[in-house]
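Okay, structure first, notes after.
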Amino acid sequence: MVATEKDPREEVIQAWYMDDSDEDQRLPHHREPKEFVSLDQLTELGVLSWRLDADNYETDEELKKIREERGYSYMDFCEVSPEKLPNYEEKIKNFFEEHLHTDEEIRYAVAGSGYFDVRDRNERWIRVWLKKGGLIVLPAGIYHRFTLDTDNYIKAMRLFVGDPVWTPFNRPHDHLPARQEYVKAFVHKETGDHAVDAAA
Ligand SMILES: CSCCC(=O)/C(O)=C/O
Ligand SMILES: [Fe+2]
C-alpha cells in the first residue's frame, strides 16, 4: 500500500491506549490527548485483522479463503445485548475479566460493534474497537477482555480450528504453555524497543 493511502481496515477497526478512569466500561476511554495504536502495532502483538463484506458473509470468497488457509472449520454466531444474551449481566461481567485462552479468539463483527482490550508488552491496555465488517484474531495466550460499547449490541461470528473451546483462564495463568509461548513469541522477541529490555 502507498504511504498516503488509508488502510481500509481502519474504517472498521481502530485501536488506542486507554485512560485509567473507572467510568462506564462501555465508554471509549481515550487518553488526553488521544493516543492511537496502528494495526501494524497490533500485528506486532500477534493481533491480526481484516476488513470483510459483512452484508455478504455467506458467499464471501475472502472469508472462505481465510477460513481455508487458517483451518477455521468451526463457525457460529454470538449475539451480545441485554435483550439477546441469556444471563447478560453475569456474562458481560465475565467477558470483562482479564483472561486468556489456550487457542486463538477469532471474532468477526457482522453487525454492531464492541471493544476487545488487549495488553501490550508493557502491560498497558489497548482498546480495539471492532465494528461491522471487522475480523480480528487474538493469539492464544494474550491477556484480554471484552465489553460492548454504548450502542449495546454486537453480532459476532466465532471461528475456531476444530471443536471449539471457549474456556477463559482469568489472570494470572502465566504458567500455561499457551501463555509462555505467547510471551516468547511476542513479548520477549528481540525487536524494536524490547530488545533493550531483553539485553538488560
Ligand atoms: C463478542 S463475542 C463475546 C466475547 C467473547 O467471546 C470473549 O471470549 C471475550 O474475550
Ligand atoms: Fe476471550
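Remember, it's 1-based here, ligands and their atoms both numbered in the order they're listed. Bear in mind the structure is a predicted one, so any value in this text is a computation, not a measurement.
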Exercise. Can you tell me if His101 has a non-hydrogen atom under 4.0 Å from ligand 1?
Worked result: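 Yes, that is the case, since the closest heavy atom of the residue is under 4.0 Å from the ligand.
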
Within this structure, what is the [atom1]-[atom2] distance for the pair [X] and [Y], rounded to the nearest 0.5 Å?
| X | Y | atom1 | atom2 | value |
| --- | --- | --- | --- | --- |
| Gln25 | Asp22 | CD | CG | 11.0 Å |
| Glu104 | Leu159 | CD | CG | 10.0 Å |
| His99 | His144 | NE2 | NE2 | 3.0 Å |

Exercise. Do any nitrogen or oxygen atoms of Arg158 lie less than 3.5 angstrom from nitrogen or oxygen atoms of ligand 1?
Worked result: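 No; every N/O pair is 3.5 Å or more apart.
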
For this session: List the closest protein heavy-atom neighbour of atom 9 (C) of ligand 1: residue, atom name, distance to the nearest 0.1 Å.
Result: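 Answer, as residue, atom name and distance: Glu105 OE2, 3.1 Å.
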
Problem set entry | Which residues share a side chain to side chain donor-acceptor pair (under 3.5 Å) with Arg107, sequence neighbours left out |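 With sequence neighbours excluded, Arg107 shows a side chain to side chain donor-acceptor pair (under 3.5 Å) to no residue whatsoever.
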
Exercise. Does the ring centre of Trp166 sit less than 6.0 Å away from the ring centre of Phe160?
Worked result: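 Ring centres of Trp166 and Phe160 closer than 6.0 Å.
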
Problem set entry | Aromatic centroids of Tyr72 and Tyr108 separated by under 6.0 Å |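 Between Tyr108 and Tyr72, the centre distance exceeds or equals 6.0 Å.
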
Problem set entry | His144 neighbourhood, listing ligand 1 atoms whose heavy-atom distance to it stays under 4.0 Å |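 With His144 as reference, the close atoms of ligand 1 come out as 10 (O).
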
Exercise. Who gets closest to atom 4 (C) of ligand 1 by heavy atom: Phe95, Phe77, Trp166?
Worked result: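 Comparing heavy atoms across Phe95, Phe77, Trp166, the nearest one to atom 4 (C) of ligand 1 lies in Phe95.
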
Exercise. Which residue from Arg107, Arg145, Lys155 reaches closest to atom 6 (O) of ligand 1 through any of its heavy atoms?
Worked result: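 Closest candidate by heavy-atom distance is Arg107.
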
Problem set entry | Between Asp174 and Tyr143: side-chain donor-acceptor atoms closer than 3.5 Å |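 A donor-acceptor contact under 3.5 Å links the two side chains.
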
Problem set entry | Sphere of radius 2.8 Å around the Fe ion (ligand 2) - protein N, O or S atoms inside |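 Near the Fe ion (ligand 2), the protein supplies His99 NE2, His101 NE2, Glu105 OE1, His144 NE2.
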
For this session: Give a yes or no on whether Leu63 and Val110 share a hydrophobic cluster (residues Ile, Leu, Val, Met, Phe, Trp, Tyr; joining criterion: side-chain heavy atoms under 4.5 Å apart).
Result: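 Leu63 and Val110: one cluster.
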
Exercise. Which pair of heavy atoms, one from His175 and one from Gln180, lies closest together, and at what distance?
Worked result: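 Heavy atoms only, the tightest pair is O-NE2, 3.5 Å.
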
